[in-house]
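Contents: one structure, followed by commentary.
Everything numeric here is computed off the predicted structure, so don't read it as measured data.
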Amino acid sequence: MTTPGIPLARPATEEEARAVQDELRDRVVLDEPGPPPGSGRVTGVDVAYDDERDLVAAAAVVLDAATLEVVAEATAVGPVSFPYVPGLLAFREIPTVLAALDALPCPPGLVVCDGYGLAHPRRFGLASHLGVLTGLPTIGVAKNPFTFTYEDPAAARGSSAPLLAGAEEVGRALRTRDRVKPVFVSVGHRVTLDNAVAHTLALTPAYRLPETTRRADALCRRALREATAAPAAQQTVTRQAPTS
DNA sequence: GCGACAG
DNA sequence: ATCTTGTCGC
């Protein structure tokens with residue numbers, strides 16, 4: 001259901017991984033507005049790790065953008081294919097995330113990643129990478145500012161401030177709840193920054209983090225527990241919400 | 001050279 | 001990310 005137009009690279013070293021990023025970076029599309037917030041479907045993706053057992057579980061949860069109800073979900077489990085290196089997070093998460101997206105019974109629509117897109121040392125974070133590989137519109141919503149700087153946005157939900165790499169705006173610090181630490185939104189692929197911010201606000205009616213990542217986070221943790229408990233169980237699981 | 005550093 | 005109970009507050 002999510003056909004990659006570009007083969008998945010599996011670099012063995014950090015140097016190779018950086019080269020892959022430098023090569024794919026040009027394919028990012030930044031001049032499309034992206035789907036309008038509040039309509040269609042929005043999918044959250046996230047992963048959970050068990051480095052001891054060499055396991056990574058990914059989840060993709062599709063929500064109706066208007067109601068935020070779960071439409072479908074899928075998970076995938078695989079081996080940890082890359083260590084955590086700041087700036088190379090995508091190589092650790094993408095293989096299993098792609099498997100989960102492929103297991104979905106319907107198109108994902110906009111994909112919301114737990115991390116960065118443009119806000120990245122080489123301007124090619126997880127959300128950008130996933131977008132280029134799948135061709136889907138993507139955005140990144142991170143919980144921390146990484147190495148970037150920002151001035152604290154006003155206290156009211158909806159306030160924002162530029163997320164800066166020097167003088168370059170690579171994203172936005174967005175307050176999704178009154179007086180609560182902001183989230184850090186950046187563009188992935190085929191979506192505008194203003195639109196990414198609007199989507200993030202539409203996805204946070206009750207909590208600091210988008211409903212998409214909350215749902216995906218809970219699901220991948222469950223998938224990891226179940227994979228740990230049932231060694232020879234199936235490698236992917238798909239569920240379609242009942243039509244009503 | 002040292003420290004910081006999305007998840 | 002992950003290790004982890006209770007607890008303060010709305």
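The backbone N or O of L133(A) lies less than 3.5 Å from no partner atom in the side chain of R27(A), so there is not a single donor-acceptor pair. Not a single donor-acceptor pair under 3.5 Å links the side chain of E23(A) to the backbone N or O of A19(A). At least one donor-acceptor pair closer than 3.5 Å links the side chain of T13(A) to the backbone N or O of E16(A). The backbone N or O of G117(A) lies less than 3.5 Å from a partner atom in the side chain of S186(A), making a donor-acceptor pair. Judged purely by atom type and a 3.5 angstrom limit, E32(A) has no side-chain atom pairing as donor or acceptor with the backbone of H189(A).
For the segment residues 177-206 of chain A, the set of residues with a heavy atom within less than 4.0 Å of an atom of DNA chain B is empty.
Taking a pair as Watson-Crick or G-U with both hydrogen-bonding distances under 3.5 Å, no stem of three or more pairs touches DNA chain B. Taking a pair as Watson-Crick or G-U with both hydrogen-bonding distances under 3.5 Å, no stem of three or more pairs touches DNA chain C.
Legend: residues meeting ring pair (Phe, Tyr, Trp, His ring centres under 6.0 Å) with F124(A), ordered by chain and number and at least two apart, are H129(A). The ring pair (Phe, Tyr, Trp, His ring centres under 6.0 Å) test applied to H120(A) returns no partner, not counting sequence neighbours. In this view, Y49(A) satisfies the ring pair (Phe, Tyr, Trp, His ring centres under 6.0 Å) rule with no residue, not counting sequence neighbours.
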Listing, residues 154-171 of chain A side-chain donor-acceptor contacts under 3.5 Å, not counting sequence neighbours, or none:
{"unit_1": "R157(A)", "atom_1": "NH1", "unit_2": "T176(A)", "atom_2": "O", "d": "3.1"}
{"unit_1": "R157(A)", "atom_1": "NH1", "unit_2": "T204(A)", "atom_2": "O", "d": "2.6"}
{"unit_1": "R157(A)", "atom_1": "NH1", "unit_2": "T204(A)", "atom_2": "OG1", "d": "2.9"}
{"unit_1": "R157(A)", "atom_1": "NH2", "unit_2": "L201(A)", "atom_2": "O", "d": "2.9"}
{"unit_1": "S159(A)", "atom_1": "OG", "unit_2": "A156(A)", "atom_2": "O", "d": "2.8"}
{"unit_1": "E168(A)", "atom_1": "OE1", "unit_2": "R123(A)", "atom_2": "NE", "d": "3.3"}
{"unit_1": "E168(A)", "atom_1": "OE1", "unit_2": "R123(A)", "atom_2": "NH2", "d": "2.9"}
{"unit_1": "E168(A)", "atom_1": "OE2", "unit_2": "R123(A)", "atom_2": "NE", "d": "3.2"}
{"unit_1": "E169(A)", "atom_1": "OE2", "unit_2": "R172(A)", "atom_2": "NE", "d": "3.1"}
{"unit_1": "E169(A)", "atom_1": "OE2", "unit_2": "R172(A)", "atom_2": "NH2", "d": "3.3"}

Let me have the donor-acceptor pairs involving side chains of residues 50-59 of chain A, under 3.5 Å, with sequence neighbours excluded, atom names and distances please.
{"unit_1": "D50(A)", "atom_1": "OD1", "unit_2": "E52(A)", "atom_2": "N", "d": "3.3"}
{"unit_1": "D50(A)", "atom_1": "OD1", "unit_2": "R53(A)", "atom_2": "N", "d": "3.2"}
{"unit_1": "D51(A)", "atom_1": "OD1", "unit_2": "R92(A)", "atom_2": "NH2", "d": "3.1"}
{"unit_1": "D51(A)", "atom_1": "OD2", "unit_2": "R92(A)", "atom_2": "NH2", "d": "3.3"}
{"unit_1": "D54(A)", "atom_1": "OD1", "unit_2": "V80(A)", "atom_2": "N", "d": "3.1"}

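A distance below 6.0 Å separates the ring centres of F184(A) and Y150(A).
Residue pairs meeting the salt bridge (Lys or Arg N to Asp or Glu O under 4.0 Å) criterion with at least one partner in residues 175-187 of chain A, sequence neighbours excluded, are D152(A)-R175(A).
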Q: Assign a letter to each nucleotide of nucleotides 1-7 of chain B from its 5' end: B, base within under 4.0 Å of a protein heavy atom; S, sugar-phosphate only; -, no contact.
A: ----BBB
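V180(A) forms part of no hydrophobic cluster, judged by ILVMFWY side-chain heavy-atom separations under 4.5 Å.
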Q.
Is there a side-chain contact (heavy atoms from CB on, under 4.5 Å) between L136(A) and L110(A)? Walk through the geometry before answering.
A. CA-CA 7 Å; L136(A) 297 168; L110(A) 173 79; over 6 Å; no
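Nucleotides of DNA chain C with any atom under 4.0 Å from a heavy atom of chain A span, from 5' to 3', dA1(C) to dT2(C).
Seen from the ring of F91(A), R10(A) does not count as a face-on cation partner, given the 6.0 Å and 45° thresholds.
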